[in-house]
Amino acid sequence: MENRVLAGLEPQSVLGFFEELCRIPHGSGNTGAASGWAVQFARDRGLRHRQDALGNVVIWKEGSPGYEDHPTVMLQGHLDMVCVHEPDVVHDFLKDPLDLYVDGDYIKARGTSLGGDDGAAVAICMAVLDDDSLPHPPLEVLFTVDEEVGMPGAMGLDASDLKSTCLINLDSEGEGVLTAGCAGGARCDVSLAMPMEEEKGVACTVSIEGLTGGHSGTEIHRGFANANLLLADCLTTLAYPRLISLHGGEQDNAIPDRAQAVILVPAAKAEAMRVNAGYWAAKMKTACAQRDPGFTFSWTAGEEAPAAALSHRDSRRVVEMVVSAPRGVQSMNPDLPDQVQSSLNLGVLRLEEGRFSMSFCVRSSVSAEKEEMIEKIQALAKANGAQSSRHGDYPAWEYRKMSPLRSTMVRAFRKVYGREPVVETIHAGLECGLLAEKMPGLDAVSIGPDLEEIHSTRERMSISSVERTWRYLLAVLEAL
């Protein structure tokens, strides 16, 4: 590979495959090229493989000498990434490669998310398959598609030819943590068509930017501001001005870090409204100082001209739907007081050409609470004449008190690190629950290197952590 940014860094086998993947556009819903790349990898090495209609890829490798009759182990990760970019960065995720660079111990991407979630897993799995010198049991390596948008790849997977009794999922983001359970979830959408009426006025753009954002599961409890909710609060303060458009957030499973409204204001009231918005912004900047220090607010006014906007009544209805929507942490786990049990994230807000929509990410480790949250969203939609839908449901992965795989991995961790690992469950979605449903009795654990601020443009991956995680996985495979 020419002009390799990560050349010379260790583990080179892993980072080389990671850099290859970063040259291939692989956002959710656009994983065809990455899936084909994985198939070609298997063909080039003479490994048995299959690719299904969704783009999922399974690659088999026989056990190394002395391990041929050991139970089969699955290694698994997903091919897609969450695609976000800085507002001033021009990047087409459908065709442009990521612009990687090294900053000390970290790999980052200029102006965009990195896709370490879950490119690290894909690279680690390929490095294992590529090295014939490693001791390991028979392997089934599974690359799924579109995990970040409801896990349709894992949902549609035919597992009838898979024989693994153990699953090592590599979609975690904290070195030294053995994840042994996760929340289930779903995406809920609300949609309502509303008439636009033309009237003369000043089109003003209200923008909120610079919030911390982050993962709507693992960081939902950290108190980061949601740009969609701040925008609705601002519009409430301004007494529900007529709305031309709304645009907030990009993914339902990411806490939105920016949102924008275009409003139609009578020329005689434009300056007074700008001043009121400034008062609101000053108050909010103080409130956000600790957790969202990058908060910025801007107001841009155009020239007086006719424009199509919602009526005052419909504008108020839209804003009040956002304000009254359930959001954030809903309950904590009574057995694990520091862990979130149920939450909602209003990740996407739109008003475009008279169609208003909201998209929520719903998560819970308790199925009844998950259904209750979805019912609240459905009730909100019904009360306002809107339609609601749900999709991408995936089950919780329940913690197993007795797990031979986890015991083996704990022992290997002690050997490699000289200390005890953290064993926990997480408030985020992993494909382990779906795979366990398809493969009864599957014993699963999830691990991964240190990835920070995933699903954001500040995402970064620790090089040294990748190296340690790689050595640890090899020790686990040797022990199995």
- Message: For Arg355, is there an ion pair with Glu352 - N to carboxylate O distance below 4.0 angstrom?
- Response: no
- Message: Testing the basics here: between Phe413 and Arg419, what is the closest heavy-atom pair and its distance to 0.1 Å?
- Response: CD2-O, 3.3 Å
- Item | Donor-acceptor contact below 3.5 Å, side chain Arg222 vs main chain Thr218 | no
- Which residue pairs pass the salt bridge (Lys or Arg N to Asp or Glu O under 4.0 Å) test when at least one of the two sits in residues 289-310, sequence neighbours left out? none
- Note on the structure: Heavy-atom closest pair (Trp470 atom, Ile124 atom, distance to 0.1 Å) is CZ3-O, 3.7 Å
- Donor-acceptor pair, Ser364 side chain versus Ser342 backbone, under 3.5 Å? no
- Indicate the atoms forming the closest heavy-atom contact of Asp117 with Glu148, along with that distance. OD2-OE2, 2.9 Å
- side-chain contact (heavy atoms from CB on, under 4.5 Å) between Leu231 and Val206, intermediate numbers included: CA-CA 8 Å; Leu231 182 62; Val206 179; 4.2 Å; yes
- Item | Glu369 side chain to Gln330 side chain, donor-acceptor N/O pair below 3.5 angstrom | no
- Task: Show the numbers, then the answer: is there a side-chain contact (heavy atoms from CB on, under 4.5 Å) between Arg242 and Leu310?
- Result: CA-CA 6 Å; Arg242 294 186 63 186; Leu310 298 184; 5.9 Å; no
- Message: If I take atom OH from residue Tyr240 and atom CZ from residue Arg316, how far apart are they, to the nearest 0.5 angstrom?
- Response: 4.5 Å
- Would you check if the side chain of Asp450 reaches a backbone N or O of Ser465 as a donor-acceptor pair within less than 3.5 Å? no
- Is any side-chain heavy atom of Val348 less than 4.5 Å from a side-chain heavy atom of Asn228? no
- Item | Spacing of SG belonging to Cys83 relative to CG belonging to Asn30, to within rounding of 0.5 Å | 7.5 Å
- Item | Closest heavy-atom pair and its distance - Gln76, Cys125 | N-SG, 4.2 Å
- Item | Atom pair OH (Tyr394) and CD (Glu147), whose distance is rounded to the nearest 0.5 Å | 7.5 Å
- Message: Applying salt bridge (charged side-chain N to carboxylate O under 4.0 Å, His left out) to Lys108 and Glu459, what does each step give before you reach the verdict?
- Response: CA-CA 7 Å; Lys108 302 178 181 179; Glu459 183 180 0; over 6 Å; no
- Note on the structure: Looking only at heavy atoms, the pair that brings Pro256 and Asn226 closest together is CG-OD1, 3.1 Å
- Heavy atoms, side chains only, cut-off 4.5 Å: are Ser357 and Leu351 in contact? no
- Message: Can you see whether Asp189 engages Ser359 through a side-chain donor-acceptor pair at a distance of less than 3.5 angstrom?
- Response: yes
- Side-chain heavy-atom pair Arg363, Ser216 within 4.5 angstrom cut-off: yes
- Report the C-alpha distance between Arg23 and Glu20 in whole Å, list the side-chain angles of each, state the deciding distance to 0.1 Å, and finish with yes or no for salt bridge (charged side-chain N to carboxylate O under 4.0 Å, His left out). CA-CA 5 Å; Arg23 290 173 178 256; Glu20 281 190 44; over 6 Å; no
- Message: Apply side-chain contact (heavy atoms from CB on, under 4.5 Å) to residues His247 and Leu349 and explain how you reach the verdict.
- Response: CA-CA 6 Å; His247 191 287; Leu349 181 67; over 6 Å; no
- Is a donor on one side and an acceptor on the other found under 3.5 Å between the side chain of Asn333 and the backbone of Val340? no
- Are Gln260 and Ser207 linked by a side-chain donor-acceptor pair shorter than 3.5 Å? yes
- Query: Just wondering, do Asp103 and Tyr101 contact through their side chains at under 4.5 Å, heavy atoms?
  - Reply: yes
- Check the side chains of Thr457 and Thr112 for a donor-acceptor pair under 3.5 angstrom, ignoring hydrogens and angles. no
- Which atom names give the shortest non-hydrogen contact between Gly119 and Leu21, and what distance separates them? CA-CD2, 3.7 Å
- Message: With a 4.0 Å cut-off on N to O distance, would you call Asp393 and Lys370 a salt bridge?
- Response: yes
- Item | Side-chain donor/acceptor of Asp252 to backbone N/O of Gly347, under 3.5 Å | no
- Message: If you count heavy atoms of other groups shown closer than 6.0 angstrom to CZ of Arg313, is the number above 12?
- Response: no
- Message: Under a 3.5 Å distance rule, please check whether Asn253 uses its side chain to pair with a backbone N or O of Val149 as donor and acceptor.
- Response: no
- Query: Does Arg350 pair with Glu250 as a salt bridge, N-O distance under 4.0 Å?
  - Reply: yes
- Phe356 and Met321: CA distance, side-chain angles, deciding distance, side-chain contact (heavy atoms from CB on, under 4.5 Å) verdict: CA-CA 10 Å; Phe356 171 63; Met321 284 179 69; 4.0 Å; yes
- About how many Å separate OG1 of Thr300 and CZ of Arg274, when rounded to the nearest 0.5 Å? 11.0 Å
- Task: Using modelled atom types only, decide if a donor and an acceptor are shared between the side chain of Thr179 and the backbone of Thr425 within a distance under 3.5 Å.
- Result: no
- Atom CG of Leu114 and atom CZ of Arg460: how far apart are they, to the nearest 0.5 Å? 11.0 Å
- Note on the structure: d(Met194 CE, Asp314 CG) to nearest 0.5 Å is 3.5 Å
- For the residue pair Tyr472 and Glu467, establish whether any side-chain heavy-atom pair is separated by less than 4.5 Å. no
- Task: Answer yes or no: is there a side-chain heavy-atom contact under 4.5 Å between Ile168 and Val445?
- Result: no
- Query: Taking Glu219 for the side chain and His215 for the main chain, is one N or O donor matched with an acceptor at less than 3.5 Å?
  - Reply: yes
- Report yes or no: does Thr31 contribute a side-chain atom to a donor-acceptor pair with the main-chain N or O of Ala34 at less than 3.5 Å? no
- Is Asp257 close to Glu209 at the side-chain level, that is, under 4.5 Å between some pair of heavy atoms? no
- Query: So with a 6.0 Å cut-off around CD of Glu86, is the heavy-atom count from everything else above 12?
  - Reply: yes
- Task: Would you check if there is a donor-acceptor pair between the side chains of Tyr417 and Glu175 at a distance under 3.5 Å?
- Result: yes
- Task: Please say whether more than 12 non-hydrogen atoms of neighbouring residues, nucleotides or ligands are located less than 6.0 Å from CD in Gln387.
- Result: no
- Decide if atom NZ of Lys269 counts as having more than 12 heavy atoms of other residues, nucleotides or ligands within a radius under 6.0 Å. no
- Is there a side-chain contact between Gln341 and Pro334, using heavy atoms and a 4.5 Å cut-off? yes
- Message: When you measure from the side chain of Ser113 to the backbone of Val82, do you find a donor-acceptor pair of N or O atoms at a distance under 3.5 Å?
- Response: yes
- Might you work through the side-chain hydrogen bond (donor to acceptor under 3.5 Å, both in side chains) test for Asp105 and Ser464, ending with a clear yes or no? CA-CA 7 Å; Asp105 185 46; Ser464 60; 2.9 Å; yes
